[in-house]
Every structure is written in structure tokens, then in C-alpha cells.
Visitor: 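Shown below is the structure under consideration.
In listed order, ligands and their atoms are each counted from 1.
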Amino acid sequence: MRAVVLGGSIAGLLAAQALTDHVDEVLVVERDRLPEGPVRRPGVPQSAHLHALLSRGLREIEQLLPRFAADLAAAGSRVFDFCADTAIYNPSGWGVRFPSPLKIHGASRLLMESVLRERVRAHPKVVLSTGRAVVGLVGDTTTVTGVRLHATPAPVDADLVVDATGRGSRADHWLAELGCPPVPQAVVDAHVGYASRQYDIPERHSADWHACYVQLAAPHRPRGAVLAPIEGNRWIVSLLGVTAHRPTRAEDDFLDFVRSLPTPAIANALTEATPLTPVVTTHTTGNHRRYVELAHSQPTNLIRLGDAVCSLNPVYAQGMSTAAAGAALLARCCRAQRHGTDLARRFHRQLAHITDWAWQPTTAGDLSWPTTEGGPPTPFQRLIIRYTHHVFAGATKSPHVQRSVLDVLHLLRPPRSLLAPSTVTHTLGSHLRAPRTGAHRG
Ligand SMILES: Cc1cc2nc3c(=O)[nH]c(=O)nc-3n(C[C@H](O)[C@H](O)[C@H](O)COP(=O)(O)OP(=O)(O)OC[C@H]3O[C@@H](n4cnc5c(N)ncnc54)[C@H](O)[C@@H]3O)c2cc1C
């Protein structure tokens, strides 16, 4: 039995690994020529921007690839405690910090992908076919039997196909060619822009944090930024701006933007830091979900995974983690698969729950901007937005609330867990107490 995975990035590589126990051969077809090591390539332009791998993502990858975290650390990532060592300036102020098990690897997206690629490439059942673009599918509305490649007359035969071609997936178009009805879709786009560059960490730098995150906050704070350490004693800094505040790629504007933030923490850190790269920008950040689980008449052996099924506003850093959770789910579904049952339908129904954990808070947060495409928020979303303001305020005072917020951010607990009686009590109680911490240097 042969599985063909379309796209050899995070979702594609993890899907390939997930399938190794269940098929005889996994062929990964990637449009780019994949480099050796952490080198930029055209198919993943987002790799120039800060990428945080959340706790859930790391946990799911470790399930598929034990010792991945150790490999990443050996390759140079800087491991730190997301809760204790990240200064988070949330919409209400500095979040409280304290030791937690939420470990995070400060590493470039390029490094994470290259460590993953080498691990998956080493599996004897996996073949990476690079420099080949997929241009269509072969089959009918019930079964895909192969994949068409650019400038290759004969299709590649497949018993199972996984679309992991990312945000720009053409699978809807390919399926329409086979006669499949369209899949319901939703777009919620807050029109967030990114501008990123790397810096040498100055020897004399001193602060009581390893990473600093100034969050966007509707409607009064349309500018934010994240600074985090990566391999090679470098910082990556990503600036975030909404609509008219989207940062430009002009080098002179970069520090001006940082100085315009409501806290000088990142500007102070960069005062003596030397830039190592040009400024790279992107405006491709909207939330786009394809509700494959609701579609009628989809092939039973076509799986859609990662950004190809749901791409999220990256300010919440959940894309790689949802892709990893989806790949681990694929392994579980294959294990439980019985002959003749619809693997794709079962997979996509379960994937929808994982996607919801990220989609619900992300889109509710984005809909708090009046300029967001896909709005206005429903009355229920308005309620969530108002409650979230209280939760953020609570997170500046109560460790319990901060931990609850971070658990939801890291996809360890569902968004509804913020409505647990203990969290509600701490949220309301924290309004009556003075701040516990919040002081920080830098
Ligand atoms: C600015 C920005 C910042 C981000 N920050 C974070 C973050 O902090 N944390 C996080 O978890 N996520 C982040 N993300 C999201 C993250 O990049 C994606 O969720 C993740 O890469 C999903 O991986 P994927 O494999 O689904 O898609 P991609 O990584 O986009 O990969 C798609 C692959 O398919 C290949 N491909 C495309 N078309 C074809 C074709 N026709 N034939 C063959 N191959 C094809 C491409 O070359 C590419 O290799 C960010 C995204 C952006 C834009």
C-alpha cells in the first residue's frame, strides 16, 4: 500500500511519519528542491518570521518522533519556560510570571523544519521526491487513485493521499475537476501585517526575561511585537500591526515602530543589538477554514491536514501545533481503521474538534477589530470578547488565571476551560486584589 503526501513541510513531514506504521511506502511530493540544513526556500516564505512551537505541538511531535526535542536542543535551540521567562504585555498589562512546565524551544522555523526533515527522511519507508509540483488528482468523487505532477505524463498511483500543501492548497480546485461539490469555507481576516529581522544578542544584554511579547489589543493597541532567542545567539524580532499599522520593510521604520509600542522593553533590548538580516514582511495572515467534515461526497482516501485545511492568524502561534495534532490524530485513525470504512470522514470529523480549539479563540479575538473581514462578531462571540478582557486583566494578577490562559494558548486545554468555576472565581477575585508581580527589568 502506498500513501502519497503532497507538500514536504511541517504538516507533510509529520503526516508521512504518522503513516509509516500503516502503509508499505510513503512518497512525499514537494514542489521545492529541499535543502540540506536550515536554509530558506520559496515554498515556505513565512520561515523568515518568528515561529513558536507551543507545548501541545511539541508533545504531539514527540509522540510521532520521540527525542525530537532533544535533537532540536542539540541543533542549537534555547529551551526556556514560556510562563516564567516570557514577559507578556497583554491587553491589560504584564502577565504574572512563575515557574511552569510550559517549555518552549527558541529556534528558527528553518531549524525546526530541518531537524524534522532529517528525522523523517531517515525512515526507510519514506521517500522524498523534491522539485516536483502536484497539479491535480486522479479518481472520482469517492476515491482518489493517483496524483498528477507537473510535466510528467503518467500519474503517480496512490492508495491514500494527504494534502499538506499549505495555505495556498489547490485541492478544492482539483476535487472540483473530479466532480466533488465545494467544501464550505470561512475567512476571518484581521489584516495583520508582519515585519521580521534577526539581531545578534549583545554581550551586555541583561533582562529578567528570555522572550518578550507585546500583544495586539483591540481596539486601542494596533501595534505589537515579539522578540525571542533562536539558535546562534540571535534574536528574532517580529513586528505586528493591524491594517494601517502594518509595519513596512523599510529598515529605518523598524526601530521607530518598536519605539512606538506601549512599553520600551523591546526597544531597550535592541538599543545595542546589531541587525543581521534585512526586514522581511508579509500580509498573508488571515484565518481560513475549510469545513471538510461538512462536505458531501469527498473521496474516502483523501486526507487534508495543516494549513491546507485551516490556516490561522499566526499571532497566536498555533499553526504548527494544530498540524502536529492532526498528524498524530491521523496515526490514531489509521490504527483504528477497519476495512471498508471511510477513513477521511472519521479523520476530518475528529480533526474539527482539534481545529475548534484554535479557531474559536483566534477568530473571536480577531473579530474584536471593527476592520476585520468576516465579521461582525455574533452576540455569543461578543460575550466571549468581553469576558476575555476580564481574563486578561486577571492574568496580570492571578497565577491561576495566567496559567489557564497559557494552557488555552498552548492548546493544552479547550477554550471553554476559561469558564471553569475556579478560573471565573480567580478572574473576578483578581479585580479586587492588588497586582502580585509585574515588575521587570529591561
Ligand atoms: C508570518 C507567519 C508567522 C507564523 N508563526 C507561527 C508560529 O509562531 N507558530 C506556529 O505554530 N505557526 C506559525 N505560523 C504558521 C505556520 O507557518 C504554518 O501553520 C505551518 O507551516 C503549517 O505547515 P503546513 O505544512 O501545513 O504548510 P506550509 O508550511 O505552508 O507548507 C506547504 C508545503 O507544500 C509545498 N507545496 C505547495 N504547493 C505544492 C504543490 N502544488 N506541489 C507540491 N508541493 C507543494 C510548499 O512548497 C511547502 O513546502 C506562522 C505563519 C506565518 C505566515
Visitor: Is R349 salt-bridged to D342, cutoff N-O under 4.0 Å?
Guide: no
Visitor: Looking only at distances, please establish whether an N/O atom of ligand 1 is found under 3.5 Å from an N/O atom of L50.
Guide: yes
Visitor: Counting heavy atoms only, which of R132, H51, R109 comes nearest to atom 6 (C) of ligand 1?
Guide: H51
Visitor: Is A164 touching ligand 1 with its side chain, its backbone, both, or neither, if touching means heavy atoms under 4.0 Å apart?
Guide: backbone
Visitor: Identify, for atom 9 (N) of ligand 1, the protein heavy atom at the shortest distance, and state residue, atom and that distance.
Guide: A52 O, 2.9 Å
Visitor: Write out the residue and atom name of the closest protein heavy atom to atom 31 (O) of ligand 1, then the distance separating them to 0.1 Å.
Guide: S9 CB, 3.0 Å
Visitor: Which protein heavy atom lies closest to atom 25 (O) of ligand 1, and at what distance to 0.1 Å?
Guide: A11 N, 2.9 Å
Visitor: Using a 4.0 Å cut-off to any heavy atom of D307, which atoms of ligand 1 qualify?
Guide: 18 (C), 19 (O), 22 (C), 26 (O)
Visitor: Give yes if a backbone or side-chain nitrogen or oxygen of E30 is under 3.5 Å from a nitrogen or oxygen of ligand 1, and no if not.
Guide: yes
Visitor: May I ask you to identify the nearest protein heavy atom to atom 40 (C) of ligand 1, giving residue, atom name and distance to one decimal place in Å?
Guide: V134 N, 3.7 Å
Visitor: Going by distance alone, is a donor N or O of one side chain under 3.5 Å from an acceptor N or O of the other, for D253 and T248?
Guide: yes
Visitor: Which atoms from ligand 1 have a heavy atom of A133 less than 4.0 Å away?
Guide: 42 (N)
Visitor: Give the atom numbers and elements of ligand 1 that come within less than 4.0 Å of a heavy atom of A317.
Guide: 7 (C), 8 (O), 9 (N), 10 (C), 11 (O)
Visitor: How far is atom 11 (O) of ligand 1 from the closest protein heavy atom, and which atom is that?
Guide: M320 N, 2.7 Å
Visitor: Relative to the heavy atoms of T284, which atoms of ligand 1 are at a distance of less than 4.0 Å?
Guide: 53 (C)
Visitor: Relative to the heavy atoms of G319, which atoms of ligand 1 are at a distance of less than 4.0 Å?
Guide: 10 (C), 11 (O), 12 (N), 19 (O)
Visitor: Would you please say whether a donor-acceptor pair under 3.5 Å links the side chains of R416 and Q360?
Guide: no
Visitor: Need the ligand 1 atom indices (1-based, order shown) with element for anything under 4.0 Å from a heavy-atom of H49.
Guide: 1 (C)
Visitor: Counting non-hydrogen protein atoms only, what is the nearest one to atom 39 (C) of ligand 1? Give residue, atom name and distance.
Guide: T165 CG2, 3.6 Å
Visitor: Number the atoms of ligand 1 from 1 as they appear, then name those within less than 4.0 Å of a heavy atom of V29, with their elements.
Guide: 43 (C), 44 (N)
Visitor: Hydrogens and angles aside, do E60 and S321 bring a side-chain donor and acceptor to less than 3.5 Å of each other?
Guide: no
Visitor: Need the ligand 1 atom indices (1-based, order shown) with element for anything under 4.0 Å from a heavy-atom of T282.
Guide: 1 (C)
Visitor: Is any side-chain N of the basic residue among R148 and E177 closer than 4.0 Å to the acidic one's carboxylate O?
Guide: yes
